[in-house]
Amino acid sequence: MTSQCDQTEILDATPAGISRAGTILRGGGLVAIPTETVYGLAGDARNPAAVSAIFAAKGRPAHNPLIVHVADLDMALALARPDTTARALAQHFWPGALTLVAPLRDGHGLAPAVTAGLNTVALRMPAHPAAQALLAAFGGPVAAPSANPSGQISPTTAAHVMAGLSGRIAAVLDGGACPVGVESTIIGTDDTDRTVVLRAGGISPEMMADVLGYMPVPAQVTSITAPGQLASHYAPRASVRLNARAPEGSEVWIGFGPDCAGADFTLSAKGDLAEAASQLFAILHKADATGRPIAVAPVPEHGLGLAINDRLRRAAAPREI
Ligand code: TXA
Ligand code: MG
């Protein structure tokens with residue numbers, strides 16, 4: 001059922017593996033867990049030592065708050081007070097790739113570092129069956145940022161998690177490749193109480209329009225509304241060139257759509273955005289392993305293309321260090 005690797009246990013997503021993961025969480029340890037979006041680095045959100053260990057394992061700056069994962073809407077409502085619009089979105093899209101930022105409720109019990117001192121908390125009910133089983137067995141809120149060293153490419157397989165965090169966390173629960181492949185969409189409210197998108201993700205504005213009656217727009221980003229959204233992120237070691245219709249020099253070329261025959265990798269040969277999202281991080285990991293500069297073909301700026309282009313722009317952004 002388990003194997004050891006640099007003291008990080010690899011657990012199968014079986015009842016026995018999920019039970020072991022729950023035991024580790026209850027003891028204040030960290031377990032990387034599969035979700036439908038990306039792997040998360042899970043710890044007990046009420047335990048200050050566990051939360052502090054998450055920041056330490058990732059090398060994450062303390063000002064960047066964590067997403068809290070819940071088993072159901074009731075658990076979310078014990079922690080926060082989402083407005084009626086956010087509740088309607090949760091009712092429609094949970095379990096799934098949607099995170100709500102909502103005001104904290106008095107007596108929430110979360111470790112203060114989870115929210116980095118903000119008076120709001122980010123909440124999500126994941127759809128992956130192994131994550132759901134673990135949350136139900138654990139019975140409390142679980143803080144889980146993406147299970148990668150801060151600033152690096154997000155993990156969509158247990159092997160990606162091990163490549164970044166092996167030896168720094170107690171275990172990884174191996175639930176296979178994450179089907180959505182990009183992180184959740186984060187929604188919040190602006191200062192006129194309008195619902196806005198803080199981070200593009202697995203639920204597109206077009207999908208939310210079916211519930212809202214309008215397409216929510218991106219927030220005007222400030223350090224307070226989206227603390228983790230400003231820096232270079234998802235950064236491969238190599239440089240990344242966007243909107244590349246052909247490779248130049250030694251570049252490894254990532255294609256999208258039928259016009260990219262001859263690409264080294266393709267996000268989706270048929271130009272399907274859901275397929276491209278599900279492949280994005282795995283292909284960035286593989287392209288980076290070649291050690292060559294990376295060039296990426298244009299991806300349309302609608303639907304899941306918004307999340308894909310957001311991640312690509314940040315992969316290509318100048319590094320801060
Ligand atoms: O799909 C996902 O959302 C994955 C899986 C594991 O659930 N998690 C994830 O977590 O992407 P992370 O930590 O990599 O990204 C969380 C983002 C950060 O950009 C953080 O700044 C933002 O959520 N965030 C968390 N709490 C917030 C808050 N109260 N207000 C605004 N942004 C918040
Ligand atoms: Mg992340």
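Remember, it's a predicted structure, so these values are computed and weren't measured experimentally. Values below: every heavy atom of this structure, side chains too, minus hydrogens, waters and symmetry copies. First listed ligand is number 1; within each ligand, the first listed atom is number 1.
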Between [X] and ligand 1, is there a nitrogen or oxygen pair with a distance under 3.5 Å?
X: Tyr39; result: no
X: Lys58; result: no
X: Arg124; result: yes
X: Thr35; result: no

Enter the distance from [X]:[atom1] to [Y]:[atom2] here, rounded to the nearest 0.5 Å.
X: Leu123; Y: Trp94; atom1: CG; atom2: CH2; answer: 5.5 Å
X: Ile187; Y: Thr99; atom1: CD1; atom2: OG1; answer: 9.0 Å
X: Leu89; Y: Thr195; atom1: CG; atom2: OG1; answer: 6.5 Å
X: Arg237; Y: Thr290; atom1: CZ; atom2: OG1; answer: 8.5 Å

For [X], the ligand 1 atoms whose distance to one of its heavy atoms is below 4.0 Å:
X: Ala122; result: 25 (C), 26 (N), 27 (C)
X: Ile67; result: 3 (O), 8 (N), 9 (C), 10 (O), 16 (C), 23 (O)
X: Leu118; result: 28 (C), 29 (N), 30 (N)
X: Ile186; result: 17 (C), 22 (C), 23 (O)
X: His69; result: 5 (C), 6 (C), 7 (O)
X: Gly40; result: 6 (C)
X: Thr120; result: 28 (C), 29 (N), 30 (N)

Legend entry - Whether Asn64 lies under 4.0 Å from ligand 1, heavy atom: yes

Legend entry - ligand 1 contact by Ala144, heavy-atom criterion under 4.0 angstrom: yes

Inset, instruction - Nearest heavy atom to atom 12 (P) of ligand 1 wins, so pick from Ser146, Ser184, Ala131, Ala80. - result: Ser146

Legend entry - Electrostatic pair Glu183-Arg124, nearest N-O below 4.0 angstrom: no

Legend entry - SB check Arg292 Glu251 (cutoff 4.0 Å): no

Inset, instruction - Quick one: look at Thr115 and ligand 1, take heavy-atom pairs under 4.0 Å, and tell me if it's side chain, backbone, both or neither. - result: neither

Inset, instruction - Examine Val252 and Ile153 and state if one hydrophobic cluster contains both, with Ile, Leu, Val, Met, Phe, Trp and Tyr joined whenever side-chain heavy atoms are less than 4.5 Å apart. - result: yes

Inset, instruction - Is it possible for you to say whether Val182 and Leu273 belong to one hydrophobic cluster, with membership spreading through side-chain heavy-atom contacts below 4.5 Å? - result: yes

Legend entry - With sequence neighbours excluded, residues passing side-chain hydrogen bond (donor to acceptor under 3.5 Å, both in side chains) with Gln279: none

Inset, instruction - Mind checking side-chain hydrogen bond (donor to acceptor under 3.5 Å, both in side chains) for Asp83 and listing every partner two or more places apart, or none if nothing turns up? - result: none

Inset, instruction - Look at atom CZ of Arg46 and say whether more than 12 heavy atoms of other residues, nucleotides or ligands are closer to it than 6.0 Å. - result: yes

Inset, instruction - Using a cut-off of 6.0 Å, state whether more than 12 heavy atoms not belonging to Arg313 lie near its atom CZ. - result: yes

Legend entry - Every N, O or S from the protein that is nearer than 2.8 Å to the Mg ion (ligand 2): Ser146 OG

Inset, instruction - Would you list the pairs meeting ring pair (Phe, Tyr, Trp, His ring centres under 6.0 Å) in which at least one residue belongs to residues 195-219, sequence neighbours left out? - result: none

